[in-house]
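Following: one structure in structure tokens, then a few remarks.
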Amino acid sequence: MRAPHSTGTAPPRTAAPIDATDCHHHIFDPRFQKYGEIYVPSATVAEYQLFKRRLGLSRSIVVAPSNYGTDNSCLIDALQQLGTTAARGVAYVGPQVSDDEIKRLHEHGVRGLRIYLDKNQVPTHEQVRTLGKQAADQGWSLQFVGTARTEIFVEWQDSILNLPCSSVIDHFGWLPQPAGVNSKTAQTLYKLLDSGKVYVKLSGLYLSSAIGYPTYSDLDEVATRFITLAPERIIWGSDWPHPMAMGKQQMPDGAMLFDRLAQWAQRDEVFQQILVGNPDRLYWAD
């Protein structure tokens, strides 16, 4: 069961529940390719389907990468290929995006906006409030991307808490090691989870792990802490095709990542909640 951009060939030891959802992957299609900070020669829908089949997943969230800027053509094409029963999207737009463009994206299956806090066109706090209002009007969420450079969610905590829509924190919030569960970022994420409005995405383990491939086991403690605090606001994503790992470190084994989630969840009902119930609420509420 070999799949591109993933080591290993075996399926996960843990069976995926019906409607299990990968809440974070990208599509890099040569038909739309633009040369941004990361070059991925090919990570098409057909190639992702091989990865999805290997893990036994039913649904996925296609997240716009930074390479395409505010051109969401590749994202929309991917959603058309996958179908909105099996996939929804998170788009990247500029801070001055029109309501008409938001409605157009909604019709194509987009259900969230990605906000970079340390690269590209970084919005102001006021611009994020405006985007939050536009997202709320559609029943969307805002998805925030941090950075390894600084513990940026500390300064954004109040703005995120005051948004009129739900929010999602990508990739463990780029939580720093070895501080881990005691870091300022972790303390901020505990407060955000406690608000009842913010979700944390367990994805991109190689961005925060100091131990790294193959187990990323130094994230076990923080992952279980997040799940214990708010299992109803945790989601999981593979981050396929792992663009931040390309050329820098060993590609992760997707099946191992999936089994790691089962280990963190500990109970079948929590595992199902993270993979099915929570994505339902965020992306298929309509």
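Side chains are part of it too, since the values below use all heavy atoms of this structure and drop only hydrogens, waters and symmetry mates.
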Exercise for the section: Taking salt bridge (charged side-chain N to carboxylate O under 4.0 Å, His left out) as the test, write out the residues that go with Asp99, two or more places apart. Expected result: none
Handout entry: Exam field: side chain Ser58 to backbone Asp19, donor-acceptor pair closer than 3.5 Å
Key = yes
Practice task
Would you mind listing every ring pair (Phe, Tyr, Trp, His ring centres under 6.0 Å) that reaches into residues 58-85, with sequence neighbours excluded?
Solution key: none
Exercise for the section: Consider only side-chain heavy atoms of I, L, V, M, F, W and Y, link residues closer than 4.5 Å, and tell whether Phe172 and Val63 are in one cluster. Expected result: no
Handout entry: Sidechain N-carboxylate O distance under 4.0 Å for Arg88, Asp286
Key = yes
Problem - Min side-chain heavy-atom separation Pro178-Asp218 under 4.5 Å - result: no
Problem - Rounded distance (nearest 0.5 Å) linking atom OG of Ser217 with atom CD of Gln263 - result: 9.0 Å
Problem - Val62 side chain reached by Leu75 side chain, heavy atoms, under 4.5 Å - result: yes
Handout entry: Side-chain heavy atoms of Cys165 within contact of Ser141, under 4.5 Å
Key = no
Handout entry: Path from Ile235 to Leu205 over hydrophobic side-chain contacts below 4.5 Å
Key = no
Exercise for the section: Decide yes or no for Tyr283 and Cys23: does some side-chain heavy atom of the first lie under 4.5 Å from some side-chain heavy atom of the second? Expected result: yes
Practice task
Could you state whether Tyr199 and Phe144 fall into the same hydrophobic cluster, counting links through intermediate Ile, Leu, Val, Met, Phe, Trp or Tyr residues with side-chain heavy atoms under 4.5 angstrom apart?
Solution key: no
Exercise for the section: Kindly say whether Leu175 contributes a backbone atom to a donor-acceptor pair with the side chain of Ser208 at under 3.5 angstrom? Expected result: yes
Handout entry: His125/Trp156 aromatic ring centres below 6.0 Å
Key = yes
Practice task
Return yes if some donor-acceptor pair links the side-chain N/O of Asp239 with the main-chain N/O of His25 below 3.5 Å, else return no.
Solution key: no
Residues 186-195, side-chain donor-acceptor partners within the protein, below 3.5 Å, at least two apart:
residue, atom, partner, partner atom, Å
Gln187, NE2, Val181, O, 3.1
Thr188, OG1, Lys184, O, 3.0
Tyr190, OH, Val181, O, 3.0
Tyr190, OH, Arg225, NH1, 3.3
Ser195, OG, Leu192, O, 2.6
Ser195, OG, Lys197, N, 3.2

Exercise for the section: Please check if Met251 and Tyr216 belong to a single hydrophobic cluster, counting links between Ile, Leu, Val, Met, Phe, Trp and Tyr side chain heavy atoms closer than 4.5 Å. Expected result: yes
Fill in the blank from the handout: Residue pairs meeting side chain to side chain donor-acceptor pair (under 3.5 Å), one or both in residues 171-182, sequence neighbours left out, come to His171-Ser203
Handout entry: Test log, rule side chain to side chain contact (heavy atoms under 4.5 Å, CB included), inputs Val90 and Val110
Key = CA-CA 6 Å; Val90 174; Val110 171; 6.0 Å; no
Handout entry: Pairwise distance CD(Gln250) to OG1(Thr7) - rounded to 0.5 angstrom
Key = 5.5 Å
Problem - Shortest non-hydrogen contact from Ala255 toward Ala10 - result: CB-O, 3.5 Å
Problem - Gap between atom CG of Leu219 and atom CD1 of Ile211 - 0.5 Å precision - result: 8.5 Å
Exercise for the section: Mind listing the closest non-hydrogen atom pair of Ser209 and Gly212 along with its distance? Expected result: OG-N, 2.8 Å
Practice task
Look at the side chain of Asp22 and the backbone N and O of Ser238, then say whether any donor-acceptor pair between them is shorter than 3.5 Å.
Solution key: yes
Handout entry: Side-chain heavy-atom pair Val168, Leu142 within 4.5 angstrom cut-off
Key = no
Practice task
Answer yes or no: is there an ion pair linking Glu101 with Arg104, defined by an N-O contact shorter than 4.0 Å?
Solution key: yes
Practice task
State whether the side chain of Thr228 and the backbone N or O of Thr224 hold a donor-acceptor pair below 3.5 Å, judged by distance alone.
Solution key: yes
Problem - Close side-chain approach of Ser159 and Val128, heavy atoms under 4.5 Å - result: no
Practice task
Assert yes or no for the condition that the ring centre distance of Tyr92 to Tyr116 is strictly below 6.0 Å.
Solution key: yes
Handout entry: Note, Gln96 side chain near Gln127 side chain (heavy atom, < 4.5 Å)
Key = yes
Exercise for the section: Measure centre to centre between the rings of His242 and Tyr206, then say whether the value is under 6.0 Å. Expected result: yes
Problem - side chain to side chain contact (heavy atoms under 4.5 Å, CB included) evaluation trace for Asp77 with His108 - result: CA-CA 9 Å; Asp77 179 82; His108 285 288; over 6 Å; no
Handout entry: Check: Thr147 side chain, Asp118 main-chain N or O, donor-acceptor pair, under 3.5 Å
Key = no
Handout entry: Shared hydrophobic cluster, Trp284 / Leu79 (ILVMFWY, side-chain heavy atoms < 4.5 Å)
Key = no
Practice task
Under the side chain to side chain contact (heavy atoms under 4.5 Å, CB included) rule, what do Asn72 and Leu105 come out as? Steps first, then yes or no, please.
Solution key: CA-CA 9 Å; Asn72 288 288; Leu105 292 170; 4.2 Å; yes
Handout entry: Shortest non-hydrogen separation from Ala43 to His5 and the atoms involved
Key = CB-NE2, 3.9 Å
Handout entry: Mutual orientation of the aromatic rings belonging to Phe51 and Tyr48 [parallel < 30°, tilted 30-60°, perpendicular > 60°]
Key = tilted
Problem - Electrostatic pair Asp253-Arg54, nearest N-O below 4.0 angstrom - result: yes
Practice task
Output yes when a side-chain donor or acceptor of Glu151 lies under 3.5 Å from a complementary backbone atom of Thr185, and no otherwise.
Solution key: yes
Exercise for the section: Mind checking the NZ-NE2 spacing from Lys103 to His106? Nearest 0.5 Å is all I need. Expected result: 11.0 Å
Practice task
Quickly, which of Leu82, Ile18, Val276 forms a side chain to side chain contact (heavy atoms under 4.5 Å, CB included) with Arg59? Name it, please.
Solution key: Val276
Practice task
Considering non-hydrogen atoms only, spot the tightest contact between Pro252 and Leu257 and give its length.
Solution key: CB-CD1, 4.1 Å
Completion exercise
Closest heavy-atom pair, Gly94 versus Leu131, reported as atoms and distance to 0.1 Å, is O-CD2, 4.1 Å
Exercise for the section: Please name all residues satisfying ring-ring contact (aromatic ring centres under 6.0 Å, His included) with Phe271, sequence neighbours left out, ordered by chain then number. Expected result: Phe258
Handout entry: Working for side-chain hydrogen bond (donor to acceptor under 3.5 Å, both in side chains), residues Asp100 and Ser98
Key = CA-CA 5 Å; Asp100 286 344; Ser98 68; 5.3 Å; no
Handout entry: Summary of side chain to side chain donor-acceptor pair (under 3.5 Å) pairs that have at least one residue in residues 264-278, sequence neighbours excluded
Key = Asp220-Trp264, Arg267-Glu269, Asn278-Arg281
Problem - Stepwise side chain to side chain contact (heavy atoms under 4.5 Å, CB included) check, Val198 with Ser166 - result: CA-CA 6 Å; Val198 180; Ser166 296; over 6 Å; no
Handout entry: Nearest non-hydrogen partners of Ala16 and Gly56, listed with the distance
Key = CB-O, 3.3 Å
Exercise for the section: Enter the distance from Thr44:OG1 to Gln81:CD here, rounded to the nearest 0.5 Å. Expected result: 7.5 Å
Exercise for the section: To the nearest 0.5 angstrom, please state how far the OG atom of Ser167 sits from the CZ atom of Arg233. Expected result: 12.0 Å
Exercise for the section: Measure the shortest side-chain to side-chain distance between Leu202 and Ile234 over non-hydrogen atoms and say whether it is less than 4.5 angstrom. Expected result: yes
